[in-house]
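Atoms considered below: every heavy atom in the structure, side chains included; atoms not considered: hydrogens, waters and symmetry mates. Sequence lines set the chain letters: A, B, ... in the order given, protein chains first and strands last, and positions in each chain run from 1.
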Number of protein chains: 2
Amino acid sequence: MKRVTIYDISEILNISPSTVSRALNDSPSVKTKTKEKIIEVAKQLNYFHNKTASRLKTGKNNTVGIIVPYINHSIFSAIIQVIEEILAPLGYIILICQTYEKTVNEIKHIQSLLTNQVECIFVSVTMETINYDHFKKVTSAGIPLIFFDRKADIENVSSVILNDFKSAYKATEHLIEQGCKRIAHFKGNQNLEIYRNRYDGYLKALKDYKIPVDPDLIISCKSSIEEGKRAFNELYNANISLDAIFSPNDHAILGAYQEIKNYNIKVPEEIALVGFSNEIFTKYIEIPITTVFQNPELMGTKAAKFFLEQTNKETTDITHKNEIIEGTLLVRASSKKR
Amino acid sequence: MKRVTIYDISEILNISPSTVSRALNDSPSVKTKTKEKIIEVAKQLNYFHNKTASRLKTGKNNTVGIIVPYINHSIFSAIIQVIEEILAPLGYIILICQTYEKTVNEIKHIQSLLTNQVECIFVSVTMETINYDHFKKVTSAGIPLIFFDRKADIENVSSVILNDFKSAYKATEHLIEQGCKRIAHFKGNQNLEIYRNRYDGYLKALKDYKIPVDPDLIISCKSSIEEGKRAFNELYNANISLDAIFSPNDHAILGAYQEIKNYNIKVPEEIALVGFSNEIFTKYIEIPITTVFQNPELMGTKAAKFFLEQTNKETTDITHKNEIIEGTLLVRASSKKR
DNA sequence: TTGTATGCGTTATCAC
DNA sequence: GTGATAACGCATACAA
């Protein structure tokens, strides 16, 4: 099937292609009468604007990319939604990419977004990523790079992240205030700044409240239900006494909860639980799980604003912004001892 | 910042742009030596391929669009993932669009995908949609339109949907086998074929088992937690006796469950519950909820295959396929009376 | 194996 | 108000 172009319209009406183009772009310098005729014929021919050609000509692409680990994790889908709500009305197309926490996918997506000439790339980096060369390619091409939630430590980028340290501190402090003294931590991948900060927040709270740090209570654990099960079982089988777990993600704490239930251990009386991210299931589980709300709406809004500020600026020297927003501890049954 | 083009490379090396183009496309008709030189310079200049230009020239866009109500609903995120896994390795870019169940968004996205010259559009239609003109635009432009899970009843399209009737029948039958006789139904929006079919499956099972249909037990209810709460409360406040609820979606049954718990009614002893879609929370809730698994992986695979078959075919006359796949009832505690 | 010429569909810059 | 022309960056038919 042959594509309908402005030439087809111009031939039918004996009007030049430029006028057709102007009319379809609703240019004020075209007579209303001719405009109407043109639009009428366009409709009849089932014409639609070829953005590819227009992009090539204008150099304006009106496309941005968003790269996240998983689109169905509550924080990411919420952030995508907000960015969409802000940019779509301005005519932007949003390319959503998933890495599934694999650096190879991240590299591929960056490459693909660059060849697609996007105007901005929003990224929440993979847990795996330690080399940042692919990100540097973006900035050195002069394309704004904006990190959200998880950032890479490189120059010339903007970022919106959570105060993970303080949020983790508050979570741990809360457990301490409930009377917990043997608080285990599911230590996340330390490649990731967020997990380093959450770990540090945990340590600092213990220190401030003069609770000794016991290495036995700190166990490496990835963000998945299975890993949470494994981690808890390791503690359990090693006969390590504990009265609370602070996990830097909700999936692992859910896994732990499943096992705790299997062993008929009481939550929160015997073991109190705190997670991180406010995944939907934390609210609807038998014993709702205390968790940290990361305010994804605010994060997404700020990220989108950063892009708009940069792109609307006439000057070439871009100012990069780094914003840290505060998390909110949602205290639920899993940690309320009193 | 000026864009680097193949002309920049060609000037530096005193080689024609066509050779540069060929080299970058790894054409076998370029000497390895020149190829290496070209790639080297391209890297130095931080050149990246301009897909916009290439698309315009070749007419090959390598882009498909997927339109879903919500990206974070389990069935949709799973389907997106599969389609991605199949098409990305073949070089396709996937434009993911969310309608949030609004027809206006659906229309906008279709329009946008058409102007973006996508090669195929995969759609799961909105609950609201009753007019199909925007879909007809797609087919009349000669672009393959493939429905999954929820389809619109128009010509020249392919589709992969669930056997909703049979799945609902099995769900209801299961409740009957558990001894339930007063089975309520949260009747979904009847615009949508899936909800009509699930309703019909419910009715047919009652009929086959000679259980009278009581209109009092059938209550209209949208797919949300709040709506589920409202629906249950209406039944409860009207003093309508019931021993089971079959909801054609998981969100409403979760809402109902919350209220049931508030009233201290026992699940499944006093009221048995069955939902639909296998949302993640149905598994991890206090009393895991029986639900229908829709096999999204299979759905996505079939949909992607349909597209590939159509697009690889030389002939212009396209054969449209309509496939119905079977659901699986996942029996869990919420309905096991014996 | 490489170079020349042309066009994809649009829009911007002139000119009229 | 409208028309002619060139150009965006690339790929390809054809020539050499």
To the nearest Å, give me how far apart [atom1] ([X]) and [atom2] ([N]) are.
X: B:Ile15; N: C:dT4; atom1: CD1; atom2: P; result: 12 Å
X: A:Lys60; N: D:dA7; atom1: NZ; atom2: P; result: 24 Å
X: A:Arg55; N: D:dG9; atom1: CZ; atom2: P; result: 15 Å
X: A:Leu13; N: D:dT2; atom1: CG; atom2: C1'; result: 14 Å
X: B:Asn62; N: D:dA11; atom1: CG; atom2: C1'; result: 14 Å
X: A:Glu36; N: D:dG1; atom1: CD; atom2: C1'; result: 15 Å

Handout entry: Whether B:Glu106 side chain and B:Thr126 backbone form a donor-acceptor pair below 3.5 Å
Key = yes
Handout entry: Side-chain donor or acceptor of B:Lys35 paired with backbone N/O of B:Ser27 under 3.5 Å
Key =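 Yes.
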Handout entry: Residue pair A:His320 / A:Glu155, side-chain heavy-atom distance below 4.5 Å
Key = no
Exercise for the section: Going 5' to 3' through nucleotides 6-16 of chain C, assign each nucleotide B (protein heavy atom under 4.0 Å from a base atom), S (under 4.0 Å only from sugar-phosphate atoms) or - (no protein heavy atom that close). Expected result: -BBBBBBB---
Exercise for the section: Look at B:Thr19 and C:dT2 and indicate whether a side-chain polar atom (N or O) is within less than 4.0 Å of OP1 or OP2. Expected result: no
Problem - Pairing of A:Arg3 and A:Asp8 as salt bridge, 4.0 angstrom limit - result: no
Handout entry: Any donor-acceptor N or O pair under 3.5 Å, side chains A:Ser140, B:Asn46
Key = yes
Exercise for the section: Decide whether A:Glu84 and B:Tyr100 meet the rule of one side-chain donor and one side-chain acceptor closer than 3.5 Å. Expected result: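 Yes, because at least one side-chain N or O of A:Glu84 sits under 3.5 Å from a partner of the opposite role on B:Tyr100.
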Handout entry: Residues within residues 27-34 of chain B bordering DNA chain C, heavy-atom distance below 4.0 Å
Key = B:Ser29, B:Val30, B:Lys31, B:Thr34
Practice task
Under the side-chain contact (heavy atoms from CB on, under 4.5 Å) rule, what do B:Asn62 and B:Lys51 come out as? Steps first, then yes or no, please.
Solution key: CA-CA 10 Å; B:Asn62 278 295; B:Lys51 265 203 183 165; 5.6 Å; no
Exercise for the section: Inspect the surroundings of NZ in B:Lys60 and state if more than 12 heavy atoms from other residues, nucleotides or ligands are less than 6.0 Å away. Expected result: yes
